[in-house]
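Structure first, then comments.
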Amino acid sequence: MSRPRVVSLVPSLTEAVARSAPGCLVGATDWCTHPAGLDVVRVGGTKNPQVDRIAALAPDLVIANEEENREPDLAALRTAGLDVLVTEVRTLPGAFGELDRVLTACGLTARPRWLDEAETAWDALPPPRAHLTAVVPIWRRPWMVLGRDTFAGDLLARLGVRHVHATHPERYPRVPLDELRAARPDLVVLPDEPYRFTADDGPEAFPGVRCALVGGRHLTWYGPSLAEAPAALARALKAAHSP
């Protein structure tokens with residue numbers, strides 16, 4: 001039986017499908033950068049997909065995410081007669097479950113090795129002996145941070161990092177810089193996406209506080225990068241907090 005034609009509107013799911021079901025993908029967003037050299041039709045951004053272009057590809061399935069994609073766009077795709085699979089990923093176990101669901105919908109009958117390796121890598125982490133408090137910005141101008149109920153927050157907690165806005169009413173609140181500093185965290189975690197924090201752009205805003213520069217793909221993507229994420233994130237956190 002032939003596999004379905006799939007358009008992915010989520011970069012991490014694009015990588016997961018491309019790695020696991022070669023030939024399935026016919027379209028992906030402009031932000032879908034992995035795997036390198038992916039040769040599919042580009043259909044716009046995650047927040048502004050080109051519905052007409054997607055419909056013209058006649059996909060059997062469009063893969064989306066409730067956080068990364070806007071409901072009006074998903075509704076327009078459904079109105080165009082397309083089948084839209086919407087994922088919800090707010091925890092690591094949730095990510096593994098949704099990856100299984102997506103790959104099954106793409107015609108896979110056996111789990112890919114990378115998914116088993118990712119679960120093994122995270123299961124092998126020892127329980128944290130101590131917890132650091134952290135502020136985790138995801139944007140500046142204005143400053144935005146991780147709030148409640150986020151996938152990235154769950155990953156950090158498994159590595160012994162409790163972000164100070166984990167009980168905030170919003171999932172990605174805007175918090176003034178003076179309030180972030182006043183929280184007096186042990187650590188500031190600065191990913192390189194969605195905002196590209198670097199050694200010269202971010203740490204200077206938090207004088208006297210250790211800053212961990214981490215790969216956004218390891219912190220926020222749920223796909224093949226999950227297999228290397230625990231080791232990569234642990235190294236970055238340890239390097240920032242070591243005397």
Side-chain angles (χ1 to χ4, degrees), residues 10-13 31 46-47 65-70 87-99 118 122 125 127-128 130-199 201-223 225-226 228-241:
V10 185
S12 54
L13 295 179
W31 298 104
T46 57
K47 305 298 185 188
N65 176 262
E66 51 92 27
E67 179 177 287
E68 293 203 45
N69 308 117
R70 301 185 313 138
T87 58
E88 180 180 304
V89 177
R90 301 191 181 189
T91 65
L92 182 63
F96 289 134
E98 291 290 62
L99 284 164
W122 282 97
L125 285 177
H131 280 85
L132 303 173
T133 59
V135 163
V136 189
I138 58 167
W139 202 260
R140 69 182 300 176
R141 293 186 292 272
W143 286 93
M144 296 176 67
V145 298
L146 290 188
R148 65 167 181 86
D149 197 20
T150 65
F151 173 68
D154 186 50
L155 295 195
L156 289 172
R158 294 168 187 274
L159 292 162
V161 176
R162 290 176 175 155
H163 66 97
V164 299
H165 298 94
T167 59
H168 195 282
E170 298 176 30
R171 296 186 66 214
Y172 300 100
R174 297 185 181 188
V175 182
L177 181 58
D178 58 351
E179 289 187 28
L180 299 181
R181 291 170 174 166
R184 300 178 63 83
D186 300 313
L187 192 66
V188 176
V189 178
L190 298 170
D192 61 10
E193 60 175 72
Y195 185 90
R196 189 172 179 79
F197 288 105
T198 67
D201 185 354
E204 83 291 342
F206 301 92
V209 183
R210 297 182 187 274
C211 292
L213 294 166
V214 303
R217 185 163 166 264
H218 292 133
L219 184 61
T220 63
W221 285 40
Y222 32 90
S225 58
L226 277 173
E228 62 194 45
L233 292 171
R235 283 195 301 270
L237 295 170
K238 182 178 180 180
H241 198 64

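What you are looking at is a predicted structure, and each value in this text was computed from that prediction instead of being measured.
Applying the side-chain contact (heavy atoms from CB on, under 4.5 Å) rule to Asp192 yields the partners Arg196; only residues at least two apart in sequence or on another chain are considered. For Arg148, the salt bridge (Lys or Arg N to Asp or Glu O under 4.0 Å) test picks out no residue, with sequence neighbours left out. Legend: residues meeting salt bridge (Lys or Arg N to Asp or Glu O under 4.0 Å) with Glu68, ordered by chain and number and at least two apart, are absent. In this view, Ser225 and Arg217, His218, Trp221 satisfy the side-chain contact (heavy atoms from CB on, under 4.5 Å) rule, not counting sequence neighbours. For Val161, the side-chain contact (heavy atoms from CB on, under 4.5 Å) test picks out Ala134, Leu156, Leu237, with sequence neighbours left out. Shown here are the side chain to side chain donor-acceptor pair (under 3.5 Å) partners of Thr46, two or more places apart in sequence or in another chain: there are none. Every ring-ring contact (aromatic ring centres under 6.0 Å, His included) that Tyr195 has, sequence neighbours left out, goes to Trp139, Phe197. The side-chain contact (heavy atoms from CB on, under 4.5 Å) test applied to Glu66 returns Val86, Glu88, Arg90, Arg171, not counting sequence neighbours. For Arg70, the side chain to side chain donor-acceptor pair (under 3.5 Å) criterion is met by Asp73, not counting sequence neighbours. Remark: Thr198 pairs with no residue by the side chain to side chain donor-acceptor pair (under 3.5 Å) rule, at least two apart or across chains.
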Output side-chain donor-acceptor pairs under 3.5 Å for residues 176-183, partner residues at least two apart or in another chain, one line each.
residue : atom : partner : partner atom : Å
Arg181  : NE   : Ala205  : O            : 2.7
Arg181  : NH2  : Ala205  : O            : 2.9

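The side-chain heavy atoms of Leu159 and Leu125, taken from C-beta on, include a pair separated by under 4.5 Å. No side-chain heavy atom of Ile138 sits under 4.5 Å from any side-chain heavy atom of Thr220. Looking at heavy atoms from C-beta onward, Val175 lies out of side-chain contact with Trp143 at the 4.5 angstrom threshold. Looking only at side-chain heavy atoms (C-beta outward), Val136 and Val145 stay at 4.5 Å or farther from each other.
Listed by first and then second residue, the ring pair (Phe, Tyr, Trp, His ring centres under 6.0 Å) pairs involving residues 162-185 amount to none (not counting sequence neighbours).
Residues Pro137 and Val189 come closest through the heavy atom pair CD-O, 3.2 Å. Residues Cys211 and Ala240 share a closest heavy-atom pair of O-CB, 3.3 Å. In plain terms, the two heavy atoms of Asp201 and Pro203 that are nearest each other are C-CD, 3.6 Å. Here the closest non-hydrogen pair linking Ala236 and Ala212 is O-CB, 3.9 Å. Shown here for Val188 and Val209, the closest heavy-atom pair between the two residues is CG2-CG1, 3.8 Å. The shortest heavy-atom contact between Asn65 and Asn69 is N-OD1, 2.8 Å.
Within 6.0 Å of CZ in Arg140 there are more than 12 heavy atoms belonging to other residues, nucleotides or ligands.
Taken from CG in Asp149 to CD in Glu67, the straight-line distance is 9.0 Å, to the nearest 0.5 Å. Of the inter-residue distances, the one linking Ser12 atom OG with Trp31 atom CH2 reads 15.0 Å to the nearest 0.5 angstrom. Note: Leu187 CG to Phe206 CZ = 11.0 Å, rounded to the nearest 0.5 Å. For the atom pair OG1 of Thr91 and CD of Glu98, the computed distance is 9.5 Å after rounding to the nearest 0.5 Å. Atom-to-atom distance recorded for Thr133:OG1 and Asp186:CG is 3.5 Å, nearest 0.5 angstrom.
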Next on the checklist: Before you tell me yes or no, could you show the steps for Leu219 and Phe151 under side-chain contact (heavy atoms from CB on, under 4.5 Å), namely the whole-Å CA-CA distance, both residues' side-chain angles and the distance that decides it to 0.1 Å?
Outcome noted: CA-CA 8 Å; Leu219 184 61; Phe151 173 68; over 6 Å; no

Checklist entry - How far apart are the C-alpha atoms of Val214 and Leu190, what are their side-chain angles, what is the distance that settles it, and do they pass the side-chain contact (heavy atoms from CB on, under 4.5 Å) test? => result CA-CA 6 Å; Val214 303; Leu190 298 170; over 6 Å; no

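Counting only distance, with no hydrogens or angles, the side chain of Asp154 and the backbone of Leu92 share a donor-acceptor pair below 3.5 Å. With hydrogens and angles disregarded, no donor-acceptor distance shorter than 3.5 Å links the side chain of Trp122 to the backbone of Ala229.
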